[in-house]
Amino acid sequence: MANVTIRDVFKSYGAVQVLHGLNVEIADGEFVALVGPSGCGKSTLLRMIAGLEPISGGTISIGPRVVNNLPPAERDIAMVFQTYALYPHKSVAENMGFALKVAGTDKAEIKRRVTQAAEILSLTEYLDRKPRHLSGGQRQRVAMGRAIVRDPQVFLFDEPLSNLDAKLRIQMRTEIKELHQRLKTTTVFVTHDQIEAMTLADRIVVMQGGVIEQIGSPLELYDNPANEFVATFIGAPSMNLLEGRAAGGVISLGGTDVALPPGIIASGDVKLGIRPEHLILSDKGLPMEVKVVEPTGSETMVFLNFHGQDVTAVFRERHAFEAGQTVHLSPDPAHIHIFDAAGLRLRRDAQKEPEHA
Ligand code: ADP
Ligand code: MG
């Protein structure tokens with residue numbers, strides 16, 4: 001196992017720069033997710049760690065070694081892609097052992113490692129099958145088995161669950177987490193799905209447009225987002241942002257005053273951020289018109305209109321709301337976020353600064 005250090009890393013394709021100086025310290029044994037919208041540079045960064053893409057600037061280290069100029073085979077990493085790229089004419093066992101065979105590992109050792117990986121992944125009874133006779137989830141496991149048998153210092157995953165249906169994706173997510181708890185191999189996992197990142201990772205790197213917006217544990221990002229982008233990207237349904245004007249310790253939202261959280265100093269145009277589960281029914285609340293009510297049984301999602309702005313609220317308890325009705329909702333004062341005109345979240349002085357890139 002090894003730590004991975006990404007320092008001032010840049011990437012350009014010709015004249016186009018796509019990564020703009022990234023810094024990430026990944027600890028030995030840590031599970032880190034790279035998350036962000038499509039095209040933000042996640043795969044590019046992962047492929048640079050793997051050695052599949054040259055580095056335009058900065059350094060990448062795996063353990064004590066700078067790997068910038070090392071070919072992939074010498075980096076002691078194993079990568080799992082979205083398309084599993086299994087050899088169709090080889091059996092599961094042959095697919096899993098192939099890299100070891102190419103590396104000249106002796107037969108008994110290959111068999112030992114393949115048998116062990118198959119046990120970990122519940123593939124023992126499928127070792128003689130061809131990939132076409134496996135389900136999507138089983139193929140995914142074979143792809144992981146191929147990585148496990150190499151016992152690498154680092155696992156690199158690029159959206160490995162994207163081709164699976166929703167139910168299987170959730171099941172494989174749990175399996176990957178169990179696998180990491182068992183093997184404790186340093187893992188970098190790329191996904192565009194914030195829920196996948198939240199549920200799997202020790203820490204999440206949120207990227208947008210080739211820069212890192214914030215690095216933190218799932219709940220740090222959820223509770224203390226650095227800016228509007230992270231606040232709305234992490235969490236589903238998204239955090240509500242209400243436009244208002246701050247003055248004299250209050251923020252005026254469409255004519256209703258809401259107190260600024262203690263210790264927050266703001267004036268002028270700001271946005272009040274409030275998560276859907278932190279809107280509370282209250283006579284003194286903001287008047288909002290119910291547009292759509294979606295009960296799911298465990299909770300009810302309500303879509304509302306507040307002075308032309310879309311608002312989402314989620315209730316665990318049941319209410320008989322109807323479309324067209326006006327309800328009064330107050331942001332829970334303990335969970336109010338204030339964003340300045342530049343989209344940065346305002347903090348109390350005492351509050352710990354988040355880890356920035
Ligand atoms: P993500 O994995 O986050 O969806 P990528 O890392 O694949 O994003 O791509 C990041 C940016 O780099 C995108 O704008 C993409 O168009 C560009 N890009 C990726 N590969 C190449 C390439 N081989 N040549 C030119 N541009 C590329
Ligand atoms: Mg990608």
Side-chain angles (χ1 to χ4, degrees), residues 4-24 26 31-60 62 67-69 71-72 75 77-86 136 139-140 143-144 146-147 154-166 169 172-173 176 186-201 203-216 218 221 225-236 238 356-357:
V4 177
T5 305
I6 294 156
R7 190 161 293 149
D8 298 325
V9 163
F10 287 81
K11 176 68 184 178
S12 302
Y13 290 108
V16 183
Q17 198 177 80
V18 296
L19 296 179
H20 309 282
L22 307 186
N23 288 282
V24 190
I26 299 166
F31 194 121
V32 164
L34 306 181
V35 74
S38 182
C40 72
K42 308 176 295 290
S43 295
T44 301
L45 179 58
L46 198 75
R47 292 170 60 80
M48 287 161 79
I49 300 171
L52 300 172
E53 200 66 73
I55 298 165
S56 310
T59 54
I60 295 181
I62 299 177
V67 296
N68 283 35
N69 299 314
R75 295 191 183 197
I77 50 101
M79 190 151 166
V80 178
F81 298 92
Q82 180 176 347
T83 53
Y84 318 132
L86 303 177
R139 283 180 211 166
Q140 220 297 315
M144 288 203 288
R146 218 169 30 182
V154 183
F155 284 132
L156 303 174
F157 290 94
D158 194 350
E159 311 232 13
L161 307 183
S162 296
N163 285 349
L164 304 176
D165 66 53
R169 211 154 58 214
M172 291 305 298
R173 193 164 85 191
I176 290 177
T186 310
T187 300
V188 186
F189 188 102
V190 163
T191 176
H192 64 274
D193 179 348
Q194 59 92 17
I195 298 273
E196 215 165 272
M198 293 286 278
T199 49
L200 277 169
R203 279 191 312 148
I204 298 174
V205 177
V206 182
M207 297 174 63
Q208 182 190 207
V211 302
I212 294 173
E213 295 285 350
Q214 193 174 2
I215 302 175
L221 298 183
N227 53 43
E228 272 182 38
F229 179 78
V230 176
T232 51
F233 189 80
I234 299 287
S238 271
H356 275 288

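As the structure lists them, so they are numbered: ligands from 1, and atoms in each ligand from 1. Every heavy atom of this structure was used, including side-chain atoms; hydrogens, water molecules and symmetry mates were not. For this chain, numbers begin at 1 and follow the sequence in order.
Interface atoms of ligand 1 facing G41, defined by a heavy-atom separation under 4.0 Å, are 1 (P), 3 (O), 5 (P), 6 (O), 8 (O), 10 (C). Residue S38 has at least one heavy-atom neighbour below 4.0 Å for each of these atoms of ligand 1: 4 (O).
In this structure, atom 26 (N) of ligand 1 lies nearest to the protein heavy atom Y13 CD1, 3.2 Å. Shortest contact from atom 7 (O) of ligand 1 to any protein heavy atom: S43 CB, 3.8 Å. From the protein, the heavy atom lying nearest to atom 9 (O) of ligand 1 is T44 OG1, 3.7 Å. Scanning the protein heavy atoms around atom 1 (P) of ligand 1, the nearest turns out to be G39 N, 3.5 Å.
The main-chain N or O of M207 is never found under 3.5 Å from a side-chain atom of K42 such that the two would form a donor-acceptor pair. Of the possible polar contacts, none joining the E196 side chain to the T191 backbone as a donor-acceptor pair under 3.5 Å is found. In this structure a side-chain-to-backbone donor-acceptor pair under 3.5 Å is missing from R75 to I62.
Using bins of under 30°, 30° to 60° and over 60° for the plane-to-plane angle, the ring pair F233/F229 lands in the parallel bin. Relative orientation of the F189 and F157 rings is tilted, given thresholds of 30° and 60° on the angle between their planes.
Distance check for atom 16 (O) of ligand 1: every protein heavy atom is found at 4.0 Å or beyond.
Distances from ligand 1 to the non-hydrogen atoms of G36 include no value under 4.0 Å.
Going from atom CG of L161 over to atom CG of L200 covers 7.5 Å, rounded to the nearest 0.5 Å.
Taking all heavy atoms of V18, V35, L19, V190 into account, the minimum distance to atom 12 (O) of ligand 1 is reached by V18.
A side-chain donor-acceptor contact under 3.5 Å links E213 and N227.
At a threshold of 2.8 Å, the Mg ion (ligand 2) has a backbone or side-chain N, O or S atom of S43 nearer than that distance.
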